[in-house]
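Quantities reported herein were computed from a predicted structural model and do not represent experimental measurements.
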Amino acid sequence: MMTTTALTEFERAECRNFLEGLTNSAKSEDDDSASFPHDNQFESLCFCVTDEEIPGELTDIINRFLHYRKCPDILIGPLISYVLNKFQDTDLTQFKLERKDDESTEYNASSLSKHLYQVFLKSCLDFISNFDSMTIQKNPQSFHVSLQAVRNRRRRMEDRHVYYTDLNSLLNLDEAQTGQALFAVFDGHGGIDAANYAASHLLTHLKACPNLITQPGEALHKAILKTDEEFIKKGKREKLRSGATAVVVLIQGLNLTVAWLGDSQVVLCKAGDAVQLMDPHKPNRPDERARIESLGGCVVNFGGWRVNGILAVARSIGDSEQKPYVTGEPDVEEYEMEGDEEFVILACDGLWDTVEPFDAVQLVRKCMEEGTRDSAAGKLVDLAIKQRSMDNISILVVYFDFNGPVVFSADNTTNSEEMSEANNEDEKGDIKENHQNEDLNVKGQVSDEREETQEKANDEKPAAHTEGTVATEGTISSKENT
C-alpha cells in the first residue's frame with residue numbers, strides 16, 4: 001500500500017475554498033495589523049512552555065483552531081506541517097520569561113500564540129498562492145468522525161480529545177509504507193492541565209520514537225510513559241497536581257493499536273458485534289489491586305473503589321502525589337483488522353459508567369441505518385445523561401470508510417458512492433459544530449483550576465457503575481505488548 005493518495009479535484013476545491021474564506025475573513029495580504037481572533041480560539045491553554053514543549057503546543061493550538069473553523073480533515077496535517085516549518089525562523093527570545101532559577105528556559109505561551117497567529121495567516125496566504133502547483137497527499141484510508149464533548153453536571157470541563165487522520169503528512173513521515181491515523185480521549189481530574197498536556201504533547205513524543213512504523217505498540221507505550229514523565233516535571237515547576245486517564249487508538253493500514261490508562265475505553269464494532277479491546281484500570285481489578293497493595297497502598301470502597309481512598313482510577317498521566325500507586329505505565333494491545341470492522345467508539349467514563357458497550361454499538365449502527373451517522377456521538381451523550389451520568393462526557397465515533405461508508409438498505413443493494421455523494425453536505429455538520437461546543441467548554445477553565453486541583457478526586461461519585469465486560473460474538477486476533 002502506498003503511503004499517500006493524491007486529492008481529488010473536489011477535495012482540492014474544498015481545501016482552496018476553506019483557505020480563501022479563512023484568510024479573507026482575517027486580513028488582507030498587505031495588512032500586518034491583523035487582530036487576534038475575537039473568539040480567542042487561537043490561544044494557548046497553558047501559561048508557559050519550554051523549548052521542548054513548543055512543537056506540541058503549537059500543533060495543538062493550530063489543530064484546535066482549524067477544527068473550530070471547520071477545516072477539511074485532509075488539509076489539517078499538510079497545513080500544520082507547513083506552518084510549523086515557517087515558524088522555525090522565529091526569534092524566541094522576545095517571548096522568554098525571566099526566572100530566578102536557570103533550570104529551564106520558559107516562554108510566555110500567550111504571546112507565543114499571538115505571534116503564531118501572524119505566521120499562520122501568512123502561511124495560509126502563501127499556501128493559496130502556491131496551491132495549484134502543490135502536490136497535496138492524503139491518507140489512502142478514509143475515516144469519518146462524529147464527536148461530542150459536554151461538561152454535563154460538573155462545574156468544569158476537564159476532558160480533552162484529539163485526532164489526526166493523516167500522521168504521515170503532519171509528521172513528514174515519508175518512509176512510512178502505510179497510512180497512519182491517531183485518535184485519543186483524555187479524561188482529566190483535579191483540573192484540566194494533565195489532559196491539556198497529554199493532548200498537546202503525546203504526538204510529539206510519539207514522533208520521537210524511532211520504531212513508530214515498525215513497532216507501533218512499543219512506540220505508543222514509550223510515548224505515553226514519556227508524556228507522564230514530562231508532565232510530572234512540569235507539575236513540579238508550576239505546582240500542578242491534576243491527572244488524566246487516556247485511551248489512544250493508532251491505525252496503520254490494517255494494524256490497530258490501542259493504549260490506555262485508567263477507565264477511558266474504546267469499543268470496536270466488528271461485523272455488527274461489540275468487541276471490547278481492553279480491560280479498564282479500575283482500582284478493584286484483581287491485578288491492579290494486588291499491584292497497589294504490594295507497593296504499600298490500599299484500595300477502599302469510599303463512594304466507589306478508590307486508590308488510597310482518593311482516586312477512582314489505578315493508572316493515569318500525572319497525579320504525582322499518588323505515584324507509584326497510580327502508575328503512568330499504559331497497557332497496549334495490537335490487533336490485525338480483517339476487513340469487517342465498521343467503527344470504534346472512544347469515550348471517557350462519563351459514557352461507559354452508564355452505557356454498556358453493546359448498547360452503544362447498537363445505537364451507532366442504528367444511526368448508520370437511518371443515514372444520520374454524524375449524530376451518533378450526540379445521541380450517545382443523550383443516552384448517558386438520560387441514564388444519570390453526571391460526569392463530563394467526551395466521545396469520538398470513528399467510522400472506517402476504507403471502501404466507502406457502510407450502507408444499510410432493505411435489499412442491501414444501495415451503492416455506497418451514491419450515498420456518500422447524497423450525504424456529502426450533511427456529513428460536514430455535526431462534527432464541526434461539536435468542535436465549537438468542546439472548545440467553548442475548554443476555554444475559561446485554566447485560570448481557576450490550580451486553586452481547586454483536588455475537587456474531582458475528592459468528590460467524584462459516579463451516578464452508576466458497571467464492572468463487567470459485555471459478552472461478544474465477534475472475535476479479533478490480538479497480542480499484548482509487554
Got a donor-acceptor contact below 3.5 angstrom from the [X] side chain to the [Y] backbone?
X	Y	value
Trp305	Val299	no
Asp166	Ile74	no
Arg365	Cys269	no
Asp228	Gly318	yes
Glu158	Gly191	yes

Taking side-chain contact (heavy atoms from CB on, under 4.5 Å) as the test, write out the residues that go with [X], two or more places apart.
X	result
Asp382	none
Ala194	Phe231, Ser242, Ala244
Lys366	Glu370
Ala384	Leu351, Thr354, Val355, Ser389, Ile393

| request: Mind jotting down which residue pairs meet the ring pair (Phe, Tyr, Trp, His ring centres under 6.0 Å) criterion with at least one end in residues 237-269? Sequence neighbours excluded, please. | output: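 Checked against ring pair (Phe, Tyr, Trp, His ring centres under 6.0 Å) - neighbours excluded - the pairs reaching residues 237-269 are Trp260-His281.
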| Side chains of Gln265 and Val247: does their closest heavy-atom pair fall under 4.5 Å? |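 The answer is no, as the side chains (C-beta and beyond) never meet within the 4.5 Å cut-off.
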| field | Phe143: partners by ring pair (Phe, Tyr, Trp, His ring centres under 6.0 Å), with sequence neighbours left out | value |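 Expected list: Phe183, Phe402.
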| task | Could you pull out all residues at least two apart from Gln362 that satisfy side chain to side chain donor-acceptor pair (under 3.5 Å)? | result |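 None.
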| said: Please enumerate all residues that pass side chain to side chain donor-acceptor pair (under 3.5 Å) together with Ser81, with sequence neighbours excluded. | reply: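 Asn172.
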Quick one: list whatever passes salt bridge (charged side-chain N to carboxylate O under 4.0 Å, His left out) with [X], sequence neighbours left out.
X	result
Glu52	none
Arg285	Asp279, Asp287, Glu288, Asp331
Asp340	Lys270

| said: Tell me whether Glu218 is salt-bridged to Lys222, with the criterion being a basic N under 4.0 Å from an acidic carboxylate O. | reply: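 Answer for the salt bridge query: yes.
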Using atom types as modelled, flag every donor-acceptor pair under 3.5 Å from a side chain in residues 200-210 to any protein atom, sequence neighbours excluded.
| from | atom 1 | to | atom 2 | distance (Å) |
| --- | --- | --- | --- | --- |
| Ser200 | OG | Asp60 | OD2 | 3.2 |
| Ser200 | OG | Asn196 | O | 2.9 |
| Thr204 | OG1 | Gly56 | N | 3.4 |

